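In what follows, a single structure is set out as structure tokens and then discussed.
Lettering of chains follows the sequences in order, A, B, ..., and the numbering in each one begins at 1. Since the model is a prediction, treat every value here as computed from it, not as a measurement.
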Number of protein chains: 2
Amino acid sequence: MVRKTNTKERILDFIRVFRRDKGYSPSVREVASHCGIKSPSVVQYHLEQLLEAGLITKDKVRSRSIGLVGDEEGPAQVPLLGVIAAGQPIDIPSVDSQKAGHRMIDVPRDIMRNGRKLFALQVRGNSMVDAMIADADILIMEQADSVNNGDVAACWLENEQEVTLKKIYYEKGQKIRLQPCNPYMLPLFHDAANIRIQGKVVAVLRTKM
Amino acid sequence: MVRKTNTKERILDFIRVFRRDKGYSPSVREVASHCGIKSPSVVQYHLEQLLEAGLITKDKVRSRSIGLVGDEEGPAQVPLLGVIAAGQPIDIPSVDSQKAGHRMIDVPRDIMRNGRKLFALQVRGNSMVDAMIADADILIMEQADSVNNGDVAACWLENEQEVTLKKIYYEKGQKIRLQPCNPYMLPLFHDAANIRIQGKVVAVLRTKM
DNA sequence: GCCAAAGTAGAACAGATGTTCTAATATTGC
DNA sequence: GCAATATTAGAACATCTGTTCTACTTTGGC
């Protein structure tokens, strides 16, 4: 099966962007069509379970009556947990503690998908120009110990004692290919043992120009 | 006839409470029923006029697609007006026309300050790596013919026939210094006459990693 | 491999829904 | 009162839409 992401997640995501975009909910068949599903009954099948799980609301028989729970309102913000620089590992004090006076960073709504644990780090220095990331940029990251091939991740390199931001590809023989985001630069190869994934980069914001 | 309030007002009021209550819009016949109207065509008749007057939005044929304008505290979004690439000038079709089916881009709330006319352009190609901007990045821009020293602007270079993104510094003698955002790169100098400012870059978003 | 469970596809149906057309009725300006 | 305009009704239609049912395929545990 090629499908990587969960069908229910894709459905939720589609409903979210559709609603945000159009102001009303998609029909069952529109969901099917945009999520690569061939039959409305399949959508119905998943909607019933999402309803049971309390993730959506929905009136019987009413068209376009799907609602998302706990979605709207409340500004889209993530806590700024610290600084990321080349020479020091990321110290994440526990993402949940947003109570502690962390500055909150405004982010685009559409990256706040179903309860992902997101946080922000501010880049210090110019060590990541090879990842097209400038001094003072804000990285929006998701907590993760491991990532999928092609994801951009923040990695701590044990031997080098430094943080780097690269696309991750798992290769044969416990090797990991670190591919710079800048397409003009060449990849590095490391032993998996040398690399500690510290989080997955979801977005980059540059608002101070 | 006993009807005291205007029919259009009653329709608008009903749509408003219905949406607030249910989270989606009523159907034409539901409007009719709750507003004491006997025929869906009458509702259609009034909806057309409300649409013309710009008081509601509505997609043709889509059920329950009525939206109220200026109501619910729209999410922070700006219209994606087009593409920006090295070899072609930016063609901005008029920032106001957000009605035309432009895709709307979610942006951080805090960049939407005091009614600035913002729009978004998607970067195509890798011609702006020197500005730390990657392919597919989203530029959030503000309409502007001129900028202040140090602002990052999109400039059209007449002689070279290309778009570039640089920090702008006005120097003596009608010269303009174009300073790359990448601190490792050297500035260019141009005659002011060769440069047409096309907009000021407010932010850069990179959400597809 | 085997089996149960989960997921997908397709068809079919009843009712909902937006739309259009024509005709009737009410309102307004003169 | 009269005519022009605005509004309302009703019917009819094509399509959209939610729902249900059955059958088929994939997945995961053993």
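Between the Arg64(B) side chain and the Ser63(A) main chain, a donor and an acceptor come within less than 3.5 Å of each other. Using a distance-only test at 3.5 Å, with no hydrogens or angles considered, a donor-acceptor pair links the side chain of Glu30(A) to the main chain of Ser27(A).
Here the straight-line distance linking atom CD1 of Ile66(B) with atom CG of Asp59(B) works out to 10.5 Å at 0.5 Å rounding. Atom CG of Asp151(A) sits about 4.0 Å away from atom NZ of Lys200(A), to the nearest 0.5 Å.
Between the C1' atom of dC24(D) and the CD1 atom of Ile37(A) lies a distance of 17 Å, rounded to the nearest Å. Between the C1' atom of dT8(D) and the CG atom of Leu47(B) lies a distance of 14 Å, rounded to the nearest Å. Atom OH in Tyr45(A) sits roughly 8 Å away from atom C1' in dA5(C) (whole-Å rounding). In this structure, Asn6(B) places its CG atom 13 Å from P of dT27(C), rounding to the nearest Å. Atom-to-atom, OH of Tyr24(A) to P of dT17(C) comes out at 15 Å; the value is rounded to the nearest Å. As rounded to whole Å, 16 Å separates atom C1' of dA23(D) from atom NZ of Lys38(A). Ile66(A) has its CD1 atom 13 Å from the C1' atom of dT19(D), to the nearest Å. Summarising the geometry, the separation between CG on Asp59(B) and C1' on dC16(D) is reported as 14 Å, rounded to the nearest angstrom.
A donor and an acceptor atom never sit less than 3.5 Å apart when one is taken from the side chain of Thr7(A) and the other from the base of dG7(C). With hydrogens and angles ignored, no donor-acceptor pair closer than 3.5 Å exists between the side chain of Ser27(B) and the base of dG18(C). For dG18(C), the base has a donor-acceptor partner in the side chain of Arg29(B) [N/O atoms by modelled type, under 3.5 angstrom].
At the phosphate of dT8(D), neither OP1 nor OP2 sits under 4.0 Å from any side-chain N or O atom of Lys8(B). A sub-4.0 Å separation between OP1 or OP2 of dG18(C) and a side-chain N or O of Gln44(B) is absent. In this model, the phosphate group of dT15(D) is not approached by any side-chain N or O of Lys60(B) to a distance below 4.0 Å at OP1 or OP2.
If Arg62(B) and Gln49(B) are placed on DNA chain D by their nearest nucleotide, the residue sitting closer to the 5' end is Gln49(B). For Arg64(B) and Ser39(B), each mapped to the nucleotide of DNA chain C holding its nearest heavy atom, the one lying further toward the 5' end belongs to Arg64(B). In terms of position along DNA chain D, the nucleotide closest to His46(B) lies nearer the 5' end than the nucleotide closest to the other residue of the pair His46(B) and Ser63(B).
With respect to the salt-bridge test (charged N to carboxylate O, under 4.0 angstrom), the residues Arg16(A) and Glu9(A) do not qualify.
Counting any heavy atom pair closer than 4.0 Å across all strands shown, Val61(A) reaches sugar-phosphate atoms only and no base atom.
Which of dT8(D), dG18(D), dT17(D) sits closest to the side chain of Glu30(A) comes down to dT17(D).
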